[in-house]
Amino acid sequence: MSDYLPTAPYRGTRDFLPAEMSVRQQVFGRLYEVAESRGFLRYDGPVLESAEIYEAKSGREIADLQLYTLTDRGGRRLALRPEMTPSVARIIAGNASTLQFPVRWYCHVNCHRYERPQRGRVREHWQINADIFGSDSVNADIEILGVVHDMMAAVGATRDMYVLRANDRVLLEAILTRIVGIPEERVRDVSGLIDRWEKAPRDQVRADAAELGLDDAQFDRLEAALKAGEDVLPELPADVLERSNLAAIMRSDAKDLVTYDPLIVRAFEYYTSTVFEVFDRDPANNRSLFGGGRYDDLTGLFSGQRIPGVGFGMGDVTLFDFLGTHGLLPEPRPEADVAVIPVSDDLLAPARGVATDLRKAGWRATTPIEVRKLGKEIARADKAGARAIVIIGPAEWAEGNVTVRDMASGDQRTVPAESAARAVSDLADHP
RNA sequence: GUGGGUGUAGCUCAGCUGGCAGAGCACCAGGUUGUGGUCCUGGGGGUCGCGGGUUCGAACCCCGUCACUCACCCCA
């Protein structure tokens with residue numbers, strides 16, 4: 001009769017052991033560098049938020065079904081954040097008076113959604129968010145799209161591996177109301193239909209459309225407009241094209257950043273203009289990796305000051321699936337560069353001194369926690385990935401010397417203890 | 001929420017018609033008391049996912065349940 005608690009992490013959450021953590025650190029480190037290189041500043045915030053901030057604008061699916069909620073001892077209804085955008089909008093709105101707009105911010109946070117785990121989807125994921133607040137300019141959209149492409153490049157992706165599909169809700173709404181002839185109040189429902197366009201059989205889509213009040217002629221016009229690609233744009237009124245940031249991008253020299261796709265809708269209700277999604281082009285992982293867009297009213301939940309925003313969230317689960325599919329995952333970093341191994345207990349103190357010298361020279365150096373047979377410690381150092389070891393034995397130490405051994409070749413030489421770091425560096429320079 | 005697949009050692013898995021719970025790798029030790037990778041020898045490790053049922057006897061059959069996984073729905 002055993003009453004041990006389970007060691008597996010809670011369903012849909014993950015432990016990250018050192019080897020995997022090392023891979024993650026390397027990948028995310030490159031993403032941080034991209035953000036920092038463009039002047040984006042890192043921020044952070046609480047994982048717990050008032051539940052209301054998601055119920056207003058995130059979308060029915062998330063608020064009703066996927067939100068982890070709880071009530072605190074004061075009776076406040078709280079939620080684990082399912083995404084970061086409402087949080088950052090809150091932080092921006094609350095600190096607007098101290099900020100110099102436009103601001104460029106990024107973060108790397110965990111988010112929770114209660115749903116059934118499967119490929120590309122878990123209950124706790126980590127995502128990079130990058131946003132620009134306080135500008136309506138198309139330059140903000142272009143900057144965000146630039147970050148996306150730079151980040152993909154930084155993890156080793158080339159443009160043939162993925163496609164950035166973009167749409168604009170201004171264009172979408174105009175197509176629906178002015179070309180197809182759908183009343184304003186149905187735009188949202190029909191948008192949801194378009195979101196499912198590629199995923200459901202055509203007859204199913206037609207039936208759903210009929211249920212939303214579209215007659216056959218309207219459905220045909222909608223289908224034709226969606227298939228027309230960029231050719232539909234000249235049919236739209238000038239004032240619509242003027243209000244659309246995406247239309248402006250497509251007229252500019254930043255056109256290559258996006259592929260116009262009228263089927264991109266995205267579920268978050270708060271998007272107001274540009275929306276985009278990055279897709280893996282590999283058929284083995286043919287899915288949406290992440291996305292973002294422009295949300296010009298979200299800070300309106302928190303204050304009367306109008307602060308438009310544009311940004312994206314890049315989740316780790318789909319990103320790492322992408323990297324794995326394309327063979328872009330880096331190797332875990334070894335435990336240390338050099339292991340300093342004393343032959344007996346009484347030589348551990350000198351070993352610590354040599355290790356300190358090595359660290360001052362920039363090497364990651366270890367000494368054993370428990371002194372074992374030399375062969376055992378060499379084997380351990382080998383498995384830990386050390387490129388060199390320094391052996392501290394009584395005969396050499398009596399002369400003030402140590403033995404430096406190259407792990408790849410097995411060559412070793414005895415040098416004065418104070419030259420150990422230099423000897424290791426020589427090995428590294430002349431492998 | 002719907003449907004399929006899979007649960008046996010740390011990992012990958014085998015286990016026939018129900019009859020003593022196994023292999024490879026990994027780990028630890030010894031061969032070699034100061035030298036890793038190769039080799040040899042030995043060793044530690046198991047609620048067979050969990051609960052119930054059938055049976056003289058269940059890893060195996062039946063029922064339930066949980067977990068993992070894939071697809072759908074939806075979504076990042």
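Everything numeric here is computed off the predicted structure, so don't read it as measured data. Lettering follows sequence order; numbering is per chain, from 1.
- Separation of the C1' atoms belonging to B:G3 and B:C74 is 16 Å when rounded to the nearest angstrom.
- In this structure B:U55 sits in no base pair that meets the Watson-Crick or G-U test at under 3.5 Å.
- Across all strands shown, B:G22 pairs with B:C13; the Watson-Crick or G-U wobble distances both stay below 3.5 Å.
- Pair check for B:U69 finds B:G4; Watson-Crick or G-U wobble, both atom distances under 3.5 Å.
- Across all strands shown, the partner of B:G43 is B:C27, judged by Watson-Crick or G-U wobble contacts whose two distances both fall under 3.5 Å.
- Heavy atoms of A:I391 sit under 4.0 angstrom from at least one base atom.
- Checked by distance alone, A:E377 brings no side-chain donor or acceptor within 3.5 Å of a matching partner on the base of B:U35.
- Remark: A:R38 engages A:D150 in a salt bridge, criterion side-chain N to carboxylate O under 4.0 Å.
- Nucleic acid contact class of A:R11 (heavy atoms, under 4.0 Å, all strands): sugar-phosphate only.
- Distance check, rounded to the nearest 0.5 Å: CZ of A:R14 to CZ of A:R24 gives 5.5 Å.
- Using a 4.0 Å heavy-atom cutoff across all strands shown, A:M407 reaches at least one base atom of the nucleic acid.
- Counting to the nearest Å, the C1' atom of B:C75 and the OH atom of A:Y271 are 12 Å from each other.
- Separation of the C1' atoms belonging to B:A14 and B:U6 is 15 Å when rounded to the nearest angstrom.
- Side-chain atoms of A:K373 lie closest to B:G31 of the nucleotides B:G34, B:G31, B:A76.
- Between A:R364 and A:E335 there is no salt bridge, since none of the side-chain N atoms of the basic residue sits less than 4.0 Å from a carboxylate O of the acidic one.
- Nucleotides B:G57 and B:A21, compared at atom C1', are 15 Å apart to the nearest Å.
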Between the protein and nucleotides 42-45 of chain B, are there any N/O to N/O pairs under 3.5 Å, and if so, what are the atom names and distances?
none

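- Side chain A:E115 to base B:A76: a donor-acceptor pair is found below 3.5 Å.
- As rounded to the nearest Å, B:G43 and B:A76 have C1' atoms that lie 49 Å from one another.
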Give the table of side-chain donor-acceptor pairs shorter than 3.5 Å for residues 379-393 of chain A, with sequence neighbours excluded, one pair per line with atom names and distance.
none

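- When both pairing distances are held under 3.5 Å, B:U32 makes no Watson-Crick or G-U pair with any nucleotide shown.
- At whole-Å resolution of the value, CG in A:D346 and P in B:G34 are 12 Å apart.
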Distance-only criterion, 3.5 Å: show the donor-acceptor pairs between side-chain atoms of residues 158-177 of chain A and protein atoms not counting sequence neighbours.
residue : atom : partner : partner atom : Å
A:T158  : OG1  : A:D160  : OD1          : 2.4
A:R159  : NH2  : A:D256  : O            : 2.7
A:Y162  : OH   : A:H149  : ND1          : 2.7
A:N167  : ND2  : A:P262  : O            : 3.1
A:N167  : ND2  : A:I264  : O            : 2.9
A:D168  : OD1  : A:V170  : N            : 2.8
A:D168  : OD1  : A:S273  : OG           : 3.1
A:D168  : OD2  : A:S244  : OG           : 2.7
A:D168  : OD2  : A:N245  : N            : 3.2
A:D168  : OD2  : A:L246  : N            : 3.2
A:D168  : OD2  : A:S273  : OG           : 3.1
A:R169  : NE   : A:V265  : O            : 3.4
A:R169  : NH1  : A:F268  : O            : 2.9
A:R169  : NH1  : A:Y271  : O            : 3.1
A:R169  : NH2  : A:V265  : O            : 2.8
A:R169  : NH2  : A:R266  : O            : 2.6
A:R169  : NH2  : A:F268  : O            : 3.0
A:T177  : OG1  : A:E173  : O            : 2.9

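- Residues A:R333 and A:P18 are not in side-chain contact: their nearest non-hydrogen atoms beyond the backbone lie 4.5 Å or more apart.
- Nucleotides B:G34 and B:A26, compared at atom P, are 26 Å apart to the nearest Å.
- Among residues two or more places apart in sequence or in another chain, the side-chain hydrogen bond (donor to acceptor under 3.5 Å, both in side chains) test is passed with A:S137 by A:N139.
- B:C20 and B:A58 are spaced 12 Å apart, taking the P atom of each and rounding to whole Å.
- Using a 4.0 Å heavy-atom cutoff across all strands shown, A:V278 reaches no nucleic acid atom at all.
- If you take CG of A:N129 and C1' of B:A76, they are 11 Å apart, rounded to a whole angstrom.
- Atom name P, nucleotides B:A29 and B:C62: the rounded distance is 46 Å, in whole Å.
- For the residue pair A:S344/A:D346, the side-chain donor-acceptor check at 3.5 Å is satisfied.
- A 4.5 Å side-chain heavy-atom check between A:F276 and A:D261 finds every atom pair outside the cut-off.
- Annotation: of the two residues near RNA chain B, A:R116 and A:L289, the 5′-most nearest-nucleotide partner is A:R116.
- The base of B:C74 lies close enough to the side chain of A:R121 for a donor and an acceptor atom to sit less than 3.5 Å apart.
- Spacing between B:U69 and B:U33 at atom P, rounded to whole Å, works out to 48 Å.
- When rounded to the nearest whole Å, the span between CD1 of A:I264 and P of B:C75 equals 12 Å.
- In terms of the side-chain hydrogen bond (donor to acceptor under 3.5 Å, both in side chains) criterion, residue partners of A:R294 (sequence neighbours excluded) are, by chain and number, A:D141, A:D296.
- Among the heavy atoms of the strands lying under 4.0 Å from A:G393 is at least one base atom, whether or not backbone atoms are also near.
- Across all strands, A:E277 comes closer than 4.0 Å to no nucleic acid atom at all (heavy-atom distances).
- Here A:Y32 pairs with A:H108 under the ring-ring contact (aromatic ring centres under 6.0 Å, His included) rule; sequence neighbours left out.
- Residue A:A395 is classed as a base contact, given a heavy-atom separation below 4.0 Å to a base.
- The distance from atom CG of A:L348 to atom C1' of B:G34 is 16 Å, rounded to the nearest whole Å.
- When rounded to the nearest whole Å, the span between CD of A:E370 and P of B:A29 equals 10 Å.
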All N/O pairs under 3.5 Å across the protein-nucleotides 26-28 of chain B interface:
residue : atom : partner : partner atom : Å
B:C27   : OP1  : A:K383  : NZ           : 3.1

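- Taking 4.0 angstrom as the limit, A:K376 places none of its side-chain polar atoms (N or O) nearer than this to OP1 or OP2 of B:G34.
- For the pair A:R266 CZ and B:C74 P, the interatomic distance rounds to 16 Å; values are reported in whole Å.
- Base pairing analysis places B:C75 opposite nothing; no Watson-Crick or G-U wobble pair with both distances below 3.5 Å involves it.
- In this view, A:Y68 and A:Y114 satisfy the ring-ring contact (aromatic ring centres under 6.0 Å, His included) rule, not counting sequence neighbours.
- Remark: A:Y260 engages no residue in a ring-ring contact (aromatic ring centres under 6.0 Å, His included) (not counting sequence neighbours).
- Between the OH atom of A:Y114 and the C1' atom of B:G1 there is a distance of 11 Å, given to the nearest Å.
- For B:G36, its base sits under 3.5 Å from the side chain of A:R405 at one donor and acceptor pair at least.
- Contact annotation: side chain of A:R113 to base of B:A76, donor-acceptor pair present below 3.5 Å.
- Residue-to-nucleotide contacts include a donor-acceptor pair under 3.5 Å from the side chain of A:E396 to the base of B:G34.
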